[in-house]
S.K.: 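Here it is: the structure, laid out below.
When a ligand or atom number is given, it counts from 1 through the structure's own listing order.
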Amino acid sequence: MLSKKLQEAINAQINAEYWSAFLYLSMSADFSAKGLPGFANWMEIQFQEEQSHGLKFLNYMLSRGAHPELRQIDKVQNTWKTPLDAFKDALAHEQVVTKLINDIYALATEEKDYATQSMLKWFIDEQVEEEESVQAIIDTLTLVGDNGYGIYQLDKELQSRTFVPIAEE
Ligand code: FEO
């Protein structure tokens, strides 16, 4: 059985993952509205990934005999001036999520909850990948600057991203 403190922390993390999903869906819609389908696609895949993260936490709570509580999701921003601004916000957001996950891991360590530590290892690795992939796009956008052809090429590249369900990774 999960401790009350860990139940609360994991429950809050379910909310944070769906809040992340909302943020990326909002970025996807903004890119679509601005005629950038590849950027929109990349963010839509991110939206799907975040939902799968929320579900993974939810299912973990159930597997440990805890009852998840779905809570109100905070409002998210709905427009960004440039793709670089959006990706910089995405990186800052992922850094917050990484800290939240690290904090749950620290709590699970303090409580000697080895099963929760084991479950969280997947998320710790995932956060490294997420921060790295967002940073790579920031680097390219910084190089490209306001060169329209460069943005067009990157948009075409981001169109190829597809969703990979967690179990198949
Ligand atoms: Fe679920 Fe982007 O971390």
S.K.: My understanding is that only one of Gln51, Glu50, Met43 makes a side chain to side chain contact (heavy atoms under 4.5 Å, CB included) with Phe47; could you say which?
M.R.: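 Single pass found, and it is Gln51.
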S.K.: Answer yes when Arg71 and Glu8 have at least one side-chain N-carboxylate O distance shorter than 4.0 Å, and no when they do not.
M.R.: yes
S.K.: Provide the tally of protein N/O/S atoms nearer than 2.8 Å to atom 2 (Fe) of ligand 1.
M.R.: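 If we list every protein N, O or S atom nearer than 2.8 Å to atom 2 (Fe) of ligand 1, we get 4.
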S.K.: Is there a donor-acceptor pair under 3.5 Å between the side chain of Asn41 and the backbone N or O of Gln159?
M.R.: yes
S.K.: Assess the pair Trp42 and Phe87: is the distance between their ring centroids shorter than 6.0 Å?
M.R.: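 Close enough - the centres of the two rings lie under 6.0 Å apart.
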S.K.: Show the nearest heavy-atom pair for residues Thr116 and Asp113, with the distance to one decimal.
M.R.: N-OD1, 2.9 Å
S.K.: Without swapping roles, check the side chain of Ser28 against the backbone of Tyr24 for a donor-acceptor pair under 3.5 Å.
M.R.: no
